[in-house]
Amino acid sequence: MSEGILLPTLARGTLLPESERLARLDEAMPQLLEAVRDETDEVAVEATLACLLWQTLPQANWCGFYRRVEARVLAVGPYQGGMGCLRIPFERGVCGACAREEARQLVPDVHAFPGHIACDDATRSELVLPVKDRGGRLIAVLDLDCPHLDGFSAAEADRLQGLLDHAFRAIG
Ligand code: SME
């Protein structure tokens, strides 16, 4: 049984240059995919990815899932980091926008995003990605927060979306 991602451990909050972040993500990707391969339980996949992405993305101060629990309401799921708010309606925040539009929200400066929900005042940037099941139904969002401006790039978002699309394809 592996203890997690085989990558150098960096101090929490370390923002590497984008090229190094992508190299780290590319190295971790086969391990991430293998860890959840064929798993059919949504929470098992979410908990495992929250754990392993936390190790892969040292710039994150929060890493986890909000699950769709009503037609237009998200509730917090497995995560790493400080306590997150418990429920987010589709009308609110970056996570709500992602769920509502079923589209990636790459926010380089959360203070410039109207309606951003500040669970942690230290958060300065954010990436939220839609999670869909086998049938294409939105079941959750992946929320990544960073204490630095511009903590996530479009290329990281592309790779992470590819991971989610694979990891949840046995669900539903
Ligand atoms: N910042 C998010 C809320 C969730 S937490 O930060 C963990 C948002 O605006 O959707």
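Computed from a predicted model, the values in this text were never measured in an experiment. Along the sequence shown, residues carry numbers from 1. Both ligands and their constituent atoms are indexed starting at 1 by order of listing.
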In ligand 1, which numbered atoms sit nearer than 4.0 Å to a non-hydrogen atom of His116?
1 (N), 9 (O)
Going by the atom numbers of ligand 1, which of them fall below 4.0 Å from some non-hydrogen atom of Gly93?
9 (O), 10 (O)
For [atom], closest protein heavy-atom neighbour:
{"atom": "atom 5 (S) of ligand 1", "answer": "Cys119 SG, 3.1 Å"}
{"atom": "atom 3 (C) of ligand 1", "answer": "Ile117 O, 3.6 Å"}
{"atom": "atom 6 (O) of ligand 1", "answer": "Asp145 OD2, 2.9 Å"}
{"atom": "atom 4 (C) of ligand 1", "answer": "Asp143 OD2, 3.3 Å"}
{"atom": "atom 10 (O) of ligand 1", "answer": "Cys95 N, 2.8 Å"}
{"atom": "atom 2 (C) of ligand 1", "answer": "Glu126 OE2, 3.2 Å"}
{"atom": "atom 8 (C) of ligand 1", "answer": "Val94 N, 3.4 Å"}

I need the minimum non-hydrogen distance between Phe65 and Leu164, along with the two atoms involved.
CE2-CD2, 4.1 Å
For Arg21 and Leu15, which heavy atoms make the closest approach, and how far apart are they?
NH1-CD1, 3.5 Å
Do Gln161 and Pro130 have side chains that approach each other closer than 4.5 Å (heavy atoms only, starting at C-beta)?
yes
Side chains of Ser125 and Leu149: does their closest heavy-atom pair fall under 4.5 Å?
no
Gln80 CD to Arg12 CZ distance, which is reported to the nearest 0.5 Å
8.0 Å
Has Tyr66 got any heavy atom lying under 4.0 angstrom from an atom of ligand 1?
yes
Going by distance alone, is a donor N or O of one side chain under 3.5 Å from an acceptor N or O of the other, for Gln31 and Glu27?
no
Is the closest basic N to carboxylate O distance between Arg159 and Asp26 below 4.0 Å?
yes
